[in-house]
Enquirer: 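Handing you a structure now.
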There are 2 protein chains.
Amino acid sequence: MFNITTIYDIAKKTGFSKSTISRVTSGNGYVSSEKRQIILNAMQELNYTPNQVAKNLRNCKTQTIGFLSADYFPLMGEFINIFNSMAASYNYNTTVFFTKNAKNEQKILESLANHLLDAAFILTRINEWDLINSYTQFAPIATWQRVKNTNIYSNYVDHYPIYFKILEKLYNKGFERVGHVFSLERNENTKARIQAIKDFSLQHQASDHSYQLFYGQQSHAGQDVAQKWLAQKNRPTAMIFYSDYVAAQFISALRLNQVKVPEDCFVIGSDDSEIARLMNIPTVDFCFRSQAKNGFIYLYNQLNQKNLPFVPQVPKFIYQKI
Amino acid sequence: MFNITTIYDIAKKTGFSKSTISRVTSGNGYVSSEKRQIILNAMQELNYTPNQVAKNLRNCKTQTIGFLSADYFPLMGEFINIFNSMAASYNYNTTVFFTKNAKNEQKILESLANHLLDAAFILTRINEWDLINSYTQFAPIATWQRVKNTNIYSNYVDHYPIYFKILEKLYNKGFERVGHVFSLERNENTKARIQAIKDFSLQHQASDHSYQLFYGQQSHAGQDVAQKWLAQKNRPTAMIFYSDYVAAQFISALRLNQVKVPEDCFVIGSDDSEIARLMNIPTVDFCFRSQAKNGFIYLYNQLNQKNLPFVPQVPKFIYQKI
DNA sequence: TTGAAAGCGCTAACAC
DNA sequence: GTGTTAGCGCTTTCAA
């Protein structure tokens, strides 16, 4: 159905050998500028581009990195943007996968053994890290999540100190009942946040942090929180979320119910994402942009035995107005 | 550095030929269930998965579709989500490219000739359609944009009738000065919108639609519009945008300047995106979700000589409150 | 039902 | 500088 001209056609047309053609297309080896020109012309004329798949097979690499996420959420788009642009500037492509379920995630990880993917970046995962870790025998894997005791590269940011500071800040502003919406409890930074609350509560008996919810996925999480919050007798006057998006859903749902934000409920998100900016939600920059870059840098270094330096990650409050 | 076991290893271990191994992995051809079992066990034991790149070379296809966008904007994430999930369910991978500039876009389109990509979907483009069209000689290309006189599949929605209706609605509600923020003028649906304004103005001399702005990219477009709007003596009391995101930027910027939305300026977006929902912005569903699906369906049908039916596309007002 | 052999398009020793 | 050759890992005739 579609066009196919190969290195062999160019060889035949110009009378040179395939190797010589290969030398000019790949740039490795010597070719007299005179013959090079003839070959270039022939390529032009026959509209030839080298078959990249054949190159990949020959070179045992595809210059392609898998970008895995369990499902879609808005920050993912922003993350892909950074990661992909970084990768592109080093000549790597990014194939995006929504893993959806444990079995499918494993199937996709197999692509590391398949030689289809040179490496993988994991945004959100489904299987246990140990299982995922077993694929590092085939290719390097990186994530932005906090993971320990594996060969998976993780340039995480510890949420504990900042979370503790937020609690202090809220306390000093007079918020006594503070609600918390977390990601899954199995995540290390969820544990860190809970630990911060525990430690803080010991010092400040008056403050109540018992209102806690956990969510495995972001879609409609905020709406669910809103329903629960509205049904509550003794409503928390401040709520801290593990994601700007979920915070935004929450705010949106509250406003539809004539609840005023931030007056009736002060909301803090996480991630410093576009939504937080647009809706003017106080948030915390946990440096996902640097994390995306560093994730790629690690993979690149592994793949090419290089030592590109990592970019710094300094988390920051984006307390738009507190 | 990393593991490699090939079909040859399995052949050697089991004593069968490569062809027989191939028959069990690919599922084509006959193998006695007895021998099949032995081979399966050996594969298991040696942790073997067929090299997908070799398969791709042999089969002259990669089951991979390129998803091209000039740059990132929030709707893109939602679009990828739909497109990618659709593709995955038919066993196609999606590689995302930010084309960034004309030259790079062309380089990426070359991948269709390279055999790296089986097909391409174009979200936003840089080069002229004619240039892009020339790549349909290598592989099928689809887009959601309105494009004519090419081999590029386009399941666009005509903005004219809905835009006209919006103008009527605004007019009936008493809005006399209405501002318009468009995408680039070269786009067919920008032309359609302008035509709708022209035709409407002929019938309604009183209404003023002279306030018009054009943007090639979304990042900071809304902030720019806001600056201009604020500087305006005779401010439009309603503004219609070509994108929810740009509308959201505009609203956000106005609110930072103590302008009330929708009281001081009634804003309408386009796309029925997540942001419109979260910020409660009136918008128009131009069916990007169906467009994403239909785009894939076209490519799939082309690639596999199939006839999967397209899904319906019925644009709808999402006038949250007018 | 299985194996031998050719070949997908390209690259890299190696020889000249 | 350039050509010959072997081979990357897989599939698919063809023959047995």
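Protein chains get the first letters and strands the later ones, always in sequence-line order, with residue 1 at the start of each. As the structure is a computational prediction, the values presented were derived from the model and not from experiment.
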Enquirer: Provide, to the nearest angstrom, the distance between the CD1 atom belonging to B:Ile7 and the C1' atom belonging to D:dG7.
Expert: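 So the CD1-C1' distance, B:Ile7 to D:dG7, works out to 15 Å.
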Enquirer: Between B:Glu110 and B:Tyr135, do the side chains contain an N or O donor and an N or O acceptor separated by less than 3.5 Å?
Expert: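 B:Glu110 vs B:Tyr135: donor-acceptor pair found between side chains.
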Enquirer: For B:Glu34 and C:dT1, give me the distance from atom CD to atom C1', rounded to whole Å.
Expert: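 Rounding to the nearest Å, CD of B:Glu34 and C1' of C:dT1 are 12 Å apart.
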Enquirer: Looking at A:Asn59, I'd like to know whether one of its side-chain N or O atoms comes within less than 4.0 Å of OP1 or OP2 on D:dC8.
Expert: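 For D:dC8, OP1/OP2 do not have a side-chain N/O of A:Asn59 under 4.0 Å.
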Enquirer: Please report, rounded to the nearest Å, how far the C1' atom of C:dC10 is from the CD1 atom of A:Ile21.
Expert: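 Going from CD1 in A:Ile21 over to C1' in C:dC10 covers 12 Å.
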Enquirer: May I have the distance from A:Asn114 (atom CG) to D:dC8 (atom C1'), rounded to whole angstrom?
Expert: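 Going from A:Asn114 (CG) to D:dC8 (C1'), I get 16 Å.
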Enquirer: Does a side-chain N or O of B:Thr25 approach OP1 or OP2 of D:dT11 to a distance below 4.0 Å, or not?
Expert: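 Answer is yes, contact under 4.0 Å.
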Enquirer: Is it the case that the side chains of B:Glu105 and B:Asn127 hold a donor-acceptor pair, with the cut-off being a distance below 3.5 Å and no angle test?
Expert: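 Their side chains do contain a donor-acceptor pair, which is all the 3.5 Å distance test asks for.
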Enquirer: Under 4.0 Å from OP1 or OP2 of C:dT11: is there any side-chain N or O of A:Ser22 that close?
Expert: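 Yes, A:Ser22 has a side-chain N/O under 4.0 Å of OP1/OP2 on C:dT11.
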Enquirer: So, B:Asn81 and B:Arg289: side-chain donor and acceptor under 3.5 Å apart, yes or no?
Expert: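 Short answer, no.
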Enquirer: Can you find a heavy atom in the side chain of A:Ile65 that is under 4.5 Å from one in the side chain of A:Asn93?
Expert: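 No. Closest side-chain heavy atoms not under 4.5 Å.
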Enquirer: Rounded to whole angstroms, how far apart are NZ on A:Lys12 and P on C:dG9?
Expert: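 It is 12 Å, rounded to the nearest whole Å.
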Enquirer: For atom OH of A:Tyr8, decide whether the heavy atoms of other residues, nucleotides or ligands shown that lie under 6.0 angstrom number more than 12.
Expert: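 No.
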Enquirer: Between P on D:dT12 and NZ on B:Lys55, what's the gap in Å once rounded to a whole number?
Expert: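 Atom NZ in B:Lys55 sits about 10 Å away from atom P in D:dT12.
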Enquirer: Under 4.0 Å, counting only non-hydrogen atoms across every strand here, what does B:Asn28 touch: a base, just sugar-phosphate, or nothing?
Expert: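 Since only primed, P, OP1 and OP2 atoms lie under 4.0 Å of B:Asn28, the category is sugar-phosphate.
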Enquirer: Do side-chain atoms of A:Gln63 reach the backbone of A:Asn91 as a donor and acceptor pair under 3.5 angstrom?
Expert: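 Yes, A:Gln63 side chain to A:Asn91 backbone: donor-acceptor pair under 3.5 Å.
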Enquirer: If you assign B:Ala54 and B:Val31 each to the DNA chain C nucleotide with the nearest heavy atom, which residue ends up on the more 5' nucleotide?
Expert: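 That would be B:Val31.
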Enquirer: With a cut-off of less than 4.0 Å, is there a side-chain N or O of B:Tyr30 near OP1 or OP2 of C:dG3?
Expert: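 Looking at the OP1 and OP2 atoms of C:dG3, neither is under 4.0 Å from any side-chain N or O of B:Tyr30.
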Enquirer: For the residue pair A:Ser19 and A:Ser22, confirm or rule out a side-chain donor-acceptor distance under 3.5 Å.
Expert: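 Checked: A:Ser19/A:Ser22 side chains show no N/O donor-acceptor pair below 3.5 Å.
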Enquirer: Any chance you could measure B:Ile10, atom CD1, to B:Lys13, atom NZ, to the nearest 0.5 Å?
Expert: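 B:Ile10 CD1 to B:Lys13 NZ: 8.0 Å, rounded to 0.5 Å.
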Enquirer: I want to check one thing: is the phosphate of C:dT2, taken as OP1 and OP2, less than 4.0 Å away from some side-chain N or O of B:Ser32?
Expert: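 So the side-chain polar atoms of B:Ser32 do come within 4.0 Å of the phosphate oxygens OP1 or OP2 of C:dT2, strictly under.
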Enquirer: Just the rounded figure in Å: distance from P of D:dG1 to CD of A:Gln37.
Expert: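 Result: 17 Å.
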Enquirer: Using side chain to side chain contact (heavy atoms under 4.5 Å, CB included) as the criterion, point out the one residue from A:Asn294, A:Ile141, A:Thr143, A:Leu299 that pairs with A:Tyr153.
Expert: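 One option only clears the test, and that one is A:Asn294.
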Enquirer: State, to the nearest 10°, the angle formed by the axis through the first five base pairs of the helix from C:dT1-D:dA16 to C:dC16-D:dG1 and the axis through its last five.
Expert: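 It works out to 40° between the end axes.
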Enquirer: Using the rule ring-ring contact (aromatic ring centres under 6.0 Å, His included), only one of A:Tyr90, A:Phe288, A:Phe121, A:Tyr300 pairs with A:Phe83; which is it?
Expert: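 That would be A:Phe121.
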Enquirer: Whole angstroms only, please: what is the CD-C1' distance between A:Gln52 and C:dC8?
Expert: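 Interatomic distance, CD of A:Gln52 to C1' of C:dC8: 15 Å.
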Enquirer: Please write out the pairs of protein N or O atoms and N or O atoms of nucleotides 3-6 of chain D separated by less than 3.5 Å, giving the distance to one decimal.
Expert:
from	atom 1	to	atom 2	distance (Å)
D:dG3	OP2	A:Ser17	N	3.1
D:dG3	OP2	A:Ser17	OG	3.1
D:dG3	OP2	A:Thr20	OG1	2.4
D:dG3	O6	A:Arg23	NH2	2.5
D:dT4	O4	A:Ser19	OG	2.8

